2 protein chains.
Amino acid sequence: MNIPSANILTFHRKGKAMDRIDSSLVALRRILRATDLFGRELAQSAGLTAVQFRVLQLVAEKGDATATTIAQRMRVSQATVTSLVDKLVAKGVVVREKSQTDRRQTNICITDKGRETIADAPDALQQRYVREFQSLADWEQAMIVAALERVATMLDAEDLDASPVLDARDIRSGT
Amino acid sequence: MNIPSANILTFHRKGKAMDRIDSSLVALRRILRATDLFGRELAQSAGLTAVQFRVLQLVAEKGDATATTIAQRMRVSQATVTSLVDKLVAKGVVVREKSQTDRRQTNICITDKGRETIADAPDALQQRYVREFQSLADWEQAMIVAALERVATMLDAEDLDASPVLDARDIRSGT
DNA sequence: GGGTTTTATTTCAAGTATCAAAGCATTTTT
DNA sequence: AAAAATGCTTTGATACTTGAAATAAAACCC
């Protein structure tokens with residue numbers, strides 16, 4: 001989590017003044033680093049680990065989720081999700097409920113305590129981002145949105161899992 | 001750490017069309033997600049874990065590094081770095097060498113095999129980014145650099161460790 | 001229906017990651 | 001030189017991760 005996670009963007013060309021590629025990669029690394037660091041703090045302040053917190057966030061999005069869905073979205077194995085959910089159940093932030101429609105499935109449902117946990121977590125990073133973003137001039141906001149979306153498209157182009165979680169399984173089955 | 005790392009940016013306001021804050025957060029999440037996912041693949045293709053690969057990258061930057069430096073830059077404990085370096089030594093991509101000037105220090109030096117490992121790792125993500133970035137119009141490149149740097153500054157403002165590793169210890173001792 | 005295959009999840013075993021605390025060796029300070 | 005600080009490793013404990021095997025339920029086929 002690893003998150004602690006991956007900071008894979010590096011730049012190797014040296015010698016002359018930094019060009020735009022390098023500058024943009026450096027900025028990306030700063031963004032990655034800041035979010036990684038803050039993410040760990042955020043989780044800790046909620047009494048969870050970073051990975052546990054991410055699972056909780058995914059469950060919170062819709063109120064419940066299946067292990068498979070979570071595993072696919074986090075790109076970890078089902079077994080991993082099971083053990084993470086074990087921890088979250090032990091902490092009382094989610095509960096397991098057998099699906100009525102298909103009793104093979106287990107719905108992982110967020111509890112009130114889970115909702116509180118997320119609500120109470122002081123996401124300093126996001127708060128600061130929102131605050132500063134809103135203080136920007138209109139044109140600057142627009143520029144940032146355009147640029148971020150451009151970069152996001154460049155980076156996750158053929159990796160479709162970032163889109164709504166509908167056909168993730170179908171896509172993966174191709175591998 | 002996996003590195004598995006933190007995807008902490010969430011958005012909760014719903015109901016109406018997405019505003020700019022939401023759009024920018026979604027884009028950021030896509031960026032985070034893509035880099036995280038690709039980072040793991042990249043490391044795996046090199047026969048390492050994501051965290052191990054990051055250590056190797058840091059060592060590769062200057063050819064060698066001390067455990068303390070790596071620990072500070074990755075924000076993990078020295079003990080963690082020790083065990084990670086153990087793995088890298090076992091794989092033959094780095095070696096430990098006692099510093100001549102201060103024999104308490106251990107320089108972690110990259111080997112030829114280590115250099116190869118990094119060179120051979122097909123960083124598909126970065127390659128695509130570089131390729132696409134270079135194909136952009138001049139004004140667009142400039143816009144992206146400006147926007148990314150703006151966002152990076154918003155996110156890592158008081159977190160100074162992204163800058164040269166000088167006083168990270170002093171900052172941390174405050175906690 | 002009864003048998004086979006597929007799907008969803010959990011359990012188990014083994015390896016990796018992480019850190020606090022304790023230990024060692026080497027400077028630096030007094 | 002004694003004491004304090006520094007750099008690193010070891011140890012013990014917890015968490016994360018996965019592949020493989022096990023369990024259970026649904027879907028498919030004849």
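Just so you know, these numbers use all the heavy atoms, side chains as well, and skip hydrogens, waters and symmetry mates. To find a chain, count down the sequence lines: A is the first, B the second, and so on, and within it residues start at 1. Since the structure is predicted, the reported quantities are computational estimates derived from the model, not experimental observations.
B/Thr106 comes within 4.0 angstrom of sugar-phosphate atoms only, judged by non-hydrogen atoms across all strands, and of no base.
A donor-acceptor pair is defined here as one N or O able to donate and one able to accept, closer than 3.5 Å; no such pair exists between the side chain of B/Gln44 and the backbone of B/Thr49.
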Going by atom type alone, with no hydrogens or angles, which donor-acceptor pairs under 3.5 Å involve a side-chain atom of residues 85-93 of chain B and a protein atom two or more places apart or on another chain?
residue: B/Asp86; atom: OD1; partner: B/Arg96; partner atom: NH1; Å: 3.0
residue: B/Asp86; atom: OD1; partner: B/Arg96; partner atom: NH2; Å: 2.9

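Separating the CG atom of A/Asn107 from the P atom of C/dT10 is a distance of 11 Å, rounded to the nearest angstrom.
Within the structure, the ring-ring contact (aromatic ring centres under 6.0 Å, His included) test picks out no pair touching residues 95-127 of chain B (sequence neighbours left out).
Classification of A/Asp36 and A/Arg33 as a salt-bridged pair fails, no side-chain N sitting under 4.0 Å from a carboxylate O. Under the 4.0 Å criterion applied to side-chain N and carboxylate O atoms, B/Arg20 and A/Asp138 are assigned as salt-bridge partners.
A residue-by-residue look at A/Met74 and B/Ala79 shows that B/Ala79 has its nearest nucleotide of DNA chain D further toward the 5' end. Residues A/Val85 and B/Thr49 each lie close to DNA chain C; by heavy-atom proximity, the contact nearer the 5' end of the strand is made by A/Val85.
A/Ser135 meets the side-chain hydrogen bond (donor to acceptor under 3.5 Å, both in side chains) test with no other residue; sequence neighbours excluded. Listed by chain and number, the residues in a side-chain hydrogen bond (donor to acceptor under 3.5 Å, both in side chains) with A/Glu97 amount to none (sequence neighbours excluded).
Under the side chain to side chain contact (heavy atoms under 4.5 Å, CB included) test applied with B/Arg73, the options B/Thr68, B/Leu58, B/Val55 reduce to a single match, B/Leu58.
Of the residues in residues 93-105 of chain A, A/Asp102, A/Arg103, A/Arg104 come within less than 4.0 Å of DNA chain D through at least one heavy atom, sorted by number.
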Please tabulate the protein-to-nucleotide N/O contacts below 3.5 Å involving nucleotides 22-24 of chain C, giving atom names and distances.
none

